[in-house]
2 protein chains.
Amino acid sequence: MVKVTLTRKVDRLSFSNVAERREQPPTLAVSTVIFSLRDNERTGRKSLWLPLVRRTREPFRGQWALPGGPLGARDSLLDAAASNLRDTTGLIPRYLEQLYAFGDLDRSPTRRVVSIVYWALVREDDAHDRATSVLLDDPNVAWFRADDPQVLAEMAFDHREIIEYALWRLRNKVEYGSIAHRLLGERFTLAQVREVYEAVLDKALDPANFRRQLRTAANIEETDEFLSGGKHRPPRLYRYTGTPTHRLESESIA
Amino acid sequence: MVKVTLTRKVDRLSFSNVAERREQPPTLAVSTVIFSLRDNERTGRKSLWLPLVRRTREPFRGQWALPGGPLGARDSLLDAAASNLRDTTGLIPRYLEQLYAFGDLDRSPTRRVVSIVYWALVREDDAHDRATSVLLDDPNVAWFRADDPQVLAEMAFDHREIIEYALWRLRNKVEYGSIAHRLLGERFTLAQVREVYEAVLDKALDPANFRRQLRTAANIEETDEFLSGGKHRPPRLYRYTGTPTHRLESESIA
DNA sequence: TCACTTATGGTCAAAGTGACACTAACTAGG
DNA sequence: CCTAGTTAGTGTCACTTTGACCATAAGTGA
């Protein structure tokens with residue numbers, strides 16, 4: 001049982017004290033953690049990046065936050081996440097899954113907000129193509145390394161914990177799952193899949209052994225095509241053929 | 001892009017049509033799927049049971065539903081789930097984890113409700129001891145087999161899907177996790193742990209092999225005590241020593 | 001004491017895993 | 001055209017894990 005005894009002055013809705021505003025019904029918001037893959041010149045390996053938006057209003061004005069907004073009365077949770085994402089970042093992810101609902105009393109200093117957080121995976125080229133125009137124009141949207149301690153330390157609200165939880169979930173999921181192809185294109189090389197795993201698990205994997213495992217376990221089939229253009233033997237392209245493990249675990253966008 | 005144009009006054013008790021009520025802000029509710037272990041005379045094996053409450057009001061009056069209720073402005077999500085559970089079923093679970101937020105537009109025929117659903121595991125003896133008095137007095141609370149198609153088919157709202165999703169999550173979690181000891185007491189025999197796995201996975205497991213795996217992998221240590229009273233060699237009692245994998249994945253009740 | 005039941009400890013073959021050597025096929029630069 | 005460099009892809013080997021199953025231990029009740 002939570003007993004809060006605060007005596008502060010007025011927030012933006014002008015309640016006379018915290019106890020009073022706490023009687024208001026909680027507000028529902030939807031936010032999204034979006035991951036994409038990018039080169040990391042520091043480690044040489046690819047790593048996970050995510051877009052953040054700068055807050056233009058109090059509280060936390062000027063600080064970085066997850067893209068999100070209130071839940072429209074006519075939107076399903078998924079629709080709300082998707083449309084908000086499109087509006088704020090220009091991104092249209094092909095994969096959007098519910099992460100968690102955060103509802104602690106003190107998440108926001110001004111109001112009681114319950115945030116239903118989704119997480120998304122976008123392909124590297126999508127992130128570039130579609131989001132570039134938005135990004136160039138808008139200094140309030142930017143991409144950051146998902147594990148950048150500097151950025152995490154300065155997040156608005158409890159968004160730091162949210163991101164860390166999303167990373168934890170991602171790591172747990174990639175081990176038994178089919179995350180990779182959602183960060184890649186329709187066709188991909190096994191080396192690209194390996195790069196995804198390496199980025200998420202943050203460690204190098206043996207190419208030969210990794211290939212063996214993928215061929216037995218994962219829902220991947222080879223195509224007749226090869227990727228040329230490298231300075232070396234052209235790798236074969238593969239295609240994903242799997243089915244989602246559970247409906248709710250892989251909602252797709254129309 | 002969602003353009004909501006509100007030009008109405010607010011009266012939540014009398015909407016003239018569906019489109020109109022959809023403009024109201026969504027209501028937040030919290031429900032819980034509670035699992036416990038019980039003997040199943042049909043299969044001889046133990047199986048999962050869960051308590052349901054009969055609805056006393058429309059919609060779905062008379063049908064069975066998950067215990068739940070609106071989110072109080074002063075309760076965290078977890079508190080709301082726990083206290084509602086106590087009030088409606090008399091149960092105080094030692095384990096409560098968030099399952100999913102269900103927010104489709106047509107979940108309830110009357111209002112737009114977003115339900116944040118938790119799932120709980122209670123020990124067999126707790127379920128008996130604490131809930132017995134409530135159960136005996138109240139014909140509107142009863143336990144059912146978690147996979148009883150009869151009951152599932154007649155659930156109120158979308159609670160059937162919720163239960164099936166909870167079962168799916170449970171099965172996925174038990175494989176790599178420490179679910180068993182939460183359904184059992186402080187000390188337990190390896191056979192009891194095996195019964196939990198058998199109930200969740202719904203298949204028989206080799207006792208010898210199961211023992212070998214538990215001893216290497218799981219966070220279980222043996223005690224000096226044995227359980228006597230059976231018609232056979234008394235099994236050694238064990239104790240759980242593990243730590244939760246992630247805070248949000250195993251919230252404990254105060 | 002014996003028959004019965006579950007506990008608990010082995011064995012063995014099959015399958016899976018990690019380390020690593022080796023060959024294949026392309027590009028770049030002479 | 002030839003060679004060095006790079007990644008693709010195959011094969012091997014020791015070791016670990018897993019599933020099936022047998023054997024013994026230690027209680028109970030008759």
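Both backbone and side-chain heavy atoms feed into the values below; hydrogens, waters and symmetry mates do not. Every chain is numbered from 1, with letters handed out A, B, ... down the list of sequences. Please read these numbers as outputs of a predicted model, since none were measured by experiment.
- Spacing between atom CD of A:Gln192 and atom C1' of D:dA8 amounts to 13 Å, rounded to whole angstrom units.
- Between the OG1 atom in B:Thr241 and the CG atom in B:Asn219 there is a gap of 5.0 Å [rounded to 0.5 Å].
- Regarding contacts with the backbone of D:dA8, every side-chain N or O of A:Arg236 stays at 4.0 angstrom or more from both OP1 and OP2.
- What separates CZ of A:Arg211 from C1' of D:dG11 is a distance of 13 Å, to the nearest Å.
- A 4.5 Å side-chain heavy-atom check between B:Ile179 and B:Val200 finds every atom pair outside the cut-off.
- Between the CG atom of B:Asp148 and the CD1 atom of B:Ile163 there is a distance of 10.5 Å, given to the nearest 0.5 Å.
- If you find the closest nucleotide of DNA chain C to A:Gly229 and to A:Ala208, the one lying nearer the 5' end belongs to A:Ala208.
- Formation of a donor-acceptor pair under 3.5 Å by the B:Arg194 side chain with backbone atoms of B:Phe210 is not found in this model.
- For B:Arg194 and B:Asn209, each mapped to the nucleotide of DNA chain C holding its nearest heavy atom, the one lying further toward the 5' end belongs to B:Arg194.
- Distance alone, capped at 3.5 Å, places no donor-acceptor pair between the B:Thr89 side chain and the B:Arg86 backbone.
- Computed from coordinates, the B:Asp206 CG to D:dA23 P distance equals 15 Å when rounded to whole Å.
- Contact between the side-chain N/O atoms of B:Arg233 and the OP1/OP2 oxygens of D:dA25 is not found at any separation under 4.0 Å.
- When rounded to the nearest whole Å, the span between CG of A:Leu227 and P of D:dG9 equals 10 Å.
- In this entry the distance linking CG of B:Leu205 with C1' of D:dT17 reads 16 Å, nearest Å.
- Below 30°, between 30° and 60°, or above 60°: for A:His159 and A:Phe157 the angle between ring planes is between 30° and 60°, a tilted geometry.
- With rounding to whole Å, A:Leu237 atom CG is found 12 Å from D:dA8 atom P.
- The residue among B:Ser228 and A:Pro234 whose nearest nucleotide of DNA chain D is located toward the 5' end is A:Pro234.
- Residue B:Arg212 contributes atom CZ, which lies 10 Å from atom P of D:dT17 at whole-angstrom precision.
- D:dA8 atom P lies 13 Å from atom CG of A:Leu214, rounded to whole Å.
- Using bins of under 30°, 30° to 60° and over 60° for the plane-to-plane angle, the ring pair B:His181/B:Tyr240 lands in the parallel bin.
- In the 5' to 3' direction, nucleotides of DNA chain C lying under 4.0 Å from heavy atoms of chain B begin and end at C:dT5 to C:dT11.
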